[in-house]
Amino acid sequence: MADEARPSGGEQAKQHALTQLRHAILRGEMAPAQRLVENELAEQFGVTRASVRAALIDLAAEGLVERIPNRGSRVRLVTVEEAVAITECRMVLEGLCAAKAAVQATDDQLTELADLGTAMSKAVADGEPMTYSGLNQELHAKIQQFSGQQVAVELLDRLNAQLVRHRFQLALRPGRPQQSVNEHLAMIEAIRARDPHAADAAARAHLTSVIDALRE
């Protein structure tokens with residue numbers, strides 16, 4: 001990125017550091033418990049230490065970073081029990097979005113969900129867990145988008161951001177995609193049937209299965 005597009009100080013600089021840090025954490029480029037050294041990050045992003053510090057404060061509020069008094073900041077490590085608690089909250093919100101999507105989605109959007117289901121089944125049959133994981137995230141994002149429930153979507157974005165490591169590990173666990181694909185197909189079927197109660201139940205059943213897998 002050109003230097004002129006990276007202001008060294010002020011609100012724009014903070015937002016630049018915030019975006020870069022958030023993406024690095026969400027992509028797994030920064031490991032859980034990794035120290036976040038303000039001087040190094042300021043040099044890396046071409047901003048001031050103050051801008052980095054302000055970005056880290058915002059990320060701490062999002063649950064992505066942990067600030068330790070007199071020791072600085074590190075990428076927050078989410079324990080299994082925390083992941084379970086977060087997923088329990090997701091269950092309610094994902095169920096709401098699925099129910100809303102069953103009512104709100106257009107016929108074309110329902111076709112998109114069906115196509116995603118087909119692609120997910122193919123990825124599992126072909127033994128491509130990372131492809132499946134990407135399609136999995138796309139399906140959840142589409143259901144949330146089609147629900148029109150923006151408040152729930154924003155809450156889910158914050159919750160899901162804290163589960164990146166656990167979701168990645170589940171995606172690679174032998175046998176997990178084969179199990180979860182049927183749960184996702186049930187969600188798609190209920191939404192396409194325009195049955196909000198069944199859609200809510202299918203989403204909750206899927207997240208219950210995720211919780212069971214997290215605890216294994």
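Note that the structure is a prediction, hence the values are computed from the model and not measured.
The shortest distance between side-chain heavy atoms of Gln109 and Thr111 does not fall below 4.5 Å. Side-chain contact between Gln178 and Val124 is present, with at least one heavy-atom pair separated by less than 4.5 Å. Tyr132 places none of its side-chain heavy atoms less than 4.5 Å from the side chain of Asp126. No side-chain heavy atom of Leu59 sits less than 4.5 Å from a side-chain heavy atom of Val75. Leu36 places a side-chain heavy atom less than 4.5 Å from the side chain of Leu41. Between Phe45 and Leu21 the shortest side-chain heavy-atom distance falls below 4.5 Å. Residues Val78 and His166 are in side-chain contact: their nearest non-hydrogen atoms beyond the backbone lie under 4.5 Å apart. At a threshold of 4.5 Å between non-hydrogen side-chain atoms, the residues Glu82 and Arg76 count as touching.
We find the OG-CD1 distance between Ser121 and Ile188 to be 8.0 Å, quoted to the nearest 0.5 Å. With rounding to the nearest 0.5 Å, the separation of CD in Glu88 from CD1 in Ile211 is 4.5 Å. Atom-to-atom distance recorded for Asp115:CG and Leu135:CG is 11.5 Å, nearest 0.5 angstrom. Residue Asp212 holds its CG atom at 11.0 Å from CG of Leu207, rounded to the nearest 0.5 Å. Taken to the nearest 0.5 Å, the OG1 atom of Thr19 stands 6.0 Å off from the NE2 atom of His23. Taken from CE in Met187 to OG in Ser180, the straight-line distance is 10.5 Å, to the nearest 0.5 Å.
Closest heavy-atom contact between Ala123 and Thr131: CB-CG2, 4.0 Å. Residues Ala198 and Ala190 come closest through the heavy atom pair C-CB, 3.6 Å. Taking each heavy atom of Leu110 and Ala105 in turn, the nearest pair found is CD2-CB, 3.8 Å. For the residue pair Ala203 and Gly95, the shortest heavy atom distance occurs at CB-CA, 3.8 Å. Shown here for Ile191 and Ala199, the closest heavy-atom pair between the two residues is CG1-CB, 3.8 Å. The heavy-atom pair separating Ala17 from Val47 by the smallest distance is CB-CG2, 4.2 Å.
Judged by distance alone, the side chain of Thr118 and the main-chain N or O of Ala114 form a donor-acceptor pair under 3.5 Å. For the pair Ser147 (side chain) and Gln144 (backbone), a donor-acceptor distance under 3.5 Å is present. Although no hydrogens or angles enter the test, the distance criterion places a donor-acceptor pair under 3.5 Å between the side chain of Asn160 and the main chain of Leu156. The backbone N or O of Ala152 sits less than 3.5 Å from a side-chain atom of Gln149, completing a donor-acceptor pair. Judged purely by atom type and a 3.5 angstrom limit, Thr87 uses its side chain to pair as donor or acceptor with the backbone of Ala83.
Linking ILVMFWY side-chain heavy atoms closer than 4.5 Å, directly or via other members, places Leu159 and Val210 in two distinct hydrophobic clusters. Clustering ILVMFWY residues whenever any of their side-chain heavy atoms sit less than 4.5 angstrom apart, transitively, puts Leu185 in the very cluster that holds Leu116. Hydrophobic clustering of Ile, Leu, Val, Met, Phe, Trp and Tyr side chains at less than 4.5 Å, counting indirect connections, keeps Leu96 apart from Ile143. The hydrophobic cluster containing Met30 does not contain Val37, counting ILVMFWY residues as joined when their side-chain heavy atoms lie under 4.5 angstrom apart, directly or transitively.
Taking a cutoff of 4.0 Å between a charged side-chain nitrogen and a carboxylate oxygen, Lys14 and Glu11 qualify as a salt bridge. Remark: Arg158 does not engage Glu62 in a salt bridge, criterion side-chain N to carboxylate O under 4.0 Å. Contact check on Arg204 versus Glu94 returns no salt bridge, with no Lys/Arg side-chain nitrogen under 4.0 Å from an Asp/Glu carboxylate oxygen. Between Asp107 and Arg194 there is a salt bridge, with a side-chain nitrogen of the basic residue lying less than 4.0 Å from a carboxylate oxygen of the acidic one. Salt bridge annotation for Arg173-Glu216: present, with a cationic side-chain nitrogen under 4.0 angstrom from a carboxylate oxygen. Between Glu38 and Arg74 there is no salt bridge, since none of the side-chain N atoms of the basic residue sits less than 4.0 Å from a carboxylate O of the acidic one.
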With side chain to side chain contact (heavy atoms under 4.5 Å, CB included) as the criterion, how do Ile57 and Val65 come out once you've worked through the C-alpha distance, each side chain's angles and the decisive distance to 0.1 Å? CA-CA 8 Å; Ile57 290 171; Val65 165; over 6 Å; no

Tell me, with the steps shown, if Glu43 and Asn39 meet side chain to side chain contact (heavy atoms under 4.5 Å, CB included). CA-CA 6 Å; Glu43 183 176 351; Asn39 279 341; over 6 Å; no

Could you go step by step and tell me if Ser209 and Arg176 meet the side-chain hydrogen bond (donor to acceptor under 3.5 Å, both in side chains) rule? CA-CA 10 Å; Ser209 172; Arg176 179 61 195 165; 2.9 Å; yes

Please step through side chain to side chain contact (heavy atoms under 4.5 Å, CB included) for the pair Leu113 and Phe146, ending with a clear verdict. CA-CA 10 Å; Leu113 297 183; Phe146 299 162; 3.8 Å; yes

Pair Glu29-Ile25, side chain to side chain contact (heavy atoms under 4.5 Å, CB included): steps then yes or no: CA-CA 6 Å; Glu29 295 169 7; Ile25 294 171; over 6 Å; no

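By the neighbour-count criterion of 12 heavy atoms within 6.0 Å, atom CD of Gln15 is densely surrounded, having more than that number from other residues, nucleotides or ligands.
By the 30° and 60° cut-offs, the orientation of the rings of His184 relative to His140 is perpendicular.
Judged by distance alone, the side chains of Ser73 and Glu66 never bring a donor and an acceptor atom under 3.5 Å apart. Between the side chains of Ser51 and Thr48, at least one donor N or O sits under 3.5 Å from an acceptor N or O.
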